[in-house]
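Down below is the structure, laid out as structure tokens.
Sequence lines set the chain letters: A, B, ... in the order given, protein chains first and strands last, and positions in each chain run from 1.
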Amino acid sequence: MAKYIFKRIIMAIVTLFIITFLLFMLVRIMPGNPFPSERMSAEAIEKKRAEMGLDKPILVQFGDYIANIVSTGSFGKGSSLYNGAPIATVLPKAMGNSFKIGGIAICFGVFIGLVLGIAAALNRGKFWDVFCTVLSIIGVCIPSYVFMIFLQYFFAYKLPVFPFYFNNRQFFVSSIMPALSLSLFSMSTVARFTRNEMVEVMDSDYVLLAESKGMYGTKLVTRHILRNALIPIVTVIAPLIVDLLTGALVVEKIYGINGIGKLMVDAITGEGIDYNYVLALGILYSTLYIGIMLLLDIVYCLLDPRIRVTEKKGKRRREAEKKEAPAAA
Amino acid sequence: MSRKNKKTVSEAAVNTYVPSAEDFVLDVNRDITTDRNFASQGFWKGVCTRFFKNTRAVIGLVIIVLIIIFALIGPSLNQYGYSDIVSVYDEETGKEITARSMPPHIPALHKLFTGEDYDDLFAEHTFIFGTDSLGRDLWTRVWYGARVSLLIAFVTIFIDMIVGMSFGLISGFFGGVTDSFMQRFVEIANSIPRLVIVGVLATFMTKGIGLVIVALLLTEWIGMSKIARAEMLKIKNMEYIMASRTLGAKSGRIIFKDVLPNTIGPIITQMMFSIPTAIFTEAFLSFVGVGIMLPQCSVGSLIEDGFNNITTLPYQILPPILVLAFLMLAFNFVGDGLREALAPRIEDM
């Protein structure tokens, strides 16, 4: 087990390193001149380049970049070309906003999805089941931003219950709508998945056995059904959280949130592309993505005893084979 | 039966039997009865039967066909081009008036319900979905945008079929070092978020539909390659593959002629599900402003236009949203229907 996790972590770090390298190379090889002004003299440009470390070989630049990230935890000391703000001050603020909304959205998605899925499985063919099915069809087929626009139009404009835009002063009230619309897809997926898993487990023999031994109600559901039904759900949560990263782009545009998604869009579509930001955000996104995948893999491994058992069996078999091998020789 | 009897009879008659023409007539309709209750049918016929029994799938198919038809003929049903700004010369004031932000304006329907003609300047113009804030006809633009979505759908099919499928099949077939190398590659490609790829591409490509297609090309094949590899691993140790190899077939023939036809079910299903994802990606990139560029339009950029005016002109956002939602719904329905039709479970039969 520990070996597996260790291997997985090493793999993730290597992957991240390769991605960082690729991104860095791509961004640095791009044609273009960081000093477009013609008024600067050749010496001034030379001096500036030396100051920014652009005169060194590209591999050395890469080494410096990595060393800087690892030692100071920030993406370069240089301010970006975009509005002159240094990345070190803009990025943490943006990350804070994005993570708050994202965190609420994950909670909404997972908890409401779970509750809906359980309700649907326990009342098969009744109202909650139908509701769950309809929700999952809507969630899969209607793009989340269409849903967001409708929510905003009806509940902030026509019926002003919630503020139209997100603001940090009314944090809780103004974050409900963005989080809810962001979580629609994950909510419906978790609900559908939970329902199907629950139904499968409820039809299995050991639940029948538990029932025939006189177990019923909450105890049966929590101890016997949920415990087994929940394990595979961890596997769907990983891609969903990753989807949230993408969804954040649109949410931040629609609700006017200053988050990393908005930074990314600004960096791409703003006047001139901002290489430093694209690079920093690219690395940040990849780190998040790989980190979440890794974390959920480990959680899955810890939750499901079967994985551990099969590994042990495999080990035992291998040992047995080793013992047999010399005998055969 | 009867032939056997005849034979024994002929042997009994000690070689004096002379065969007559009657002996060579086929026995088909005499003893053999055809099983009509459980008649065997071809694979594709079965798939079609099961598919068309599924109401949702048929509804999805109809919607897709309708959208394709409208995308093809819609823009040419009226006289406006997708970037034409409609304007009319006003004789009273002597000025050119543009049809900015007109609500839906259909003279024929107006006459039908109220019995009179429009008496505004645009009495002869028909704007089924209205016009946008620059005075361009939304009907034309929406169907033009639907063309972009459909183009993305076809590009996805191409990427899935050519890149993803070949990659997965080859990786699964050769195994060993090739496989582990190719799988490491997949792992790395899979852990770069699509957004980052778009961002990096945007640093050296002109923004537009080409960028979206390249981004899809770099990311969309991964899911398909996993499915194709899994299918290959399932099939490659079967006996008929060994037979084929024994007869001297080369790897290429085994992969594409022997294995491929047997993996077609899961591959088609996966393809149908990746189409709505791709359409959504394009719409979403155009919505945030990385995708299609003016004066062209796609469903996503139309939704963005409508979103900017949502509080004052909410009708502008409805047509593109409906087209996008129906497209995604329809492709999902058809995908579901195909999955059930291609791999029927025993309890469904």
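Within 6.0 Å of the CZ atom in B/F70, the count of heavy atoms belonging to other residues, nucleotides or ligands does not exceed 12. Taking a 6.0 Å sphere around CZ of B/F326, one finds it holds 12 or fewer heavy atoms contributed by other residues, nucleotides or ligands.
The distance from atom OH of A/Y285 to atom CD1 of B/I197, rounded to the nearest 0.5 Å, is 13.5 Å. Atom CD1 of A/I149 sits about 5.0 Å away from atom CD1 of B/I321, to the nearest 0.5 Å. In this structure, CZ on B/F280 lies 8.5 Å from CZ on A/F185, to the nearest 0.5 angstrom. The CD1 atom of A/I18 sits 3.5 Å away from atom CD1 of B/I188, with the distance rounded to the nearest 0.5 Å.
Looking at B/L324, only its side chain comes within 4.5 Å of chain A, counting heavy atoms on both sides. For chain A, no part of B/L201 is nearby; none of its heavy atoms comes within less than 4.5 Å. With a 4.5 angstrom heavy-atom cutoff, B/A330 does not touch chain A via any of its atoms. If you measure heavy-atom distances from A/L16 to chain B, you find no contacts under 4.5 Å at all.
In this structure, A/I254 and B/F287 have side chains that are in contact, with non-hydrogen atoms separated by less than 4.5 Å.
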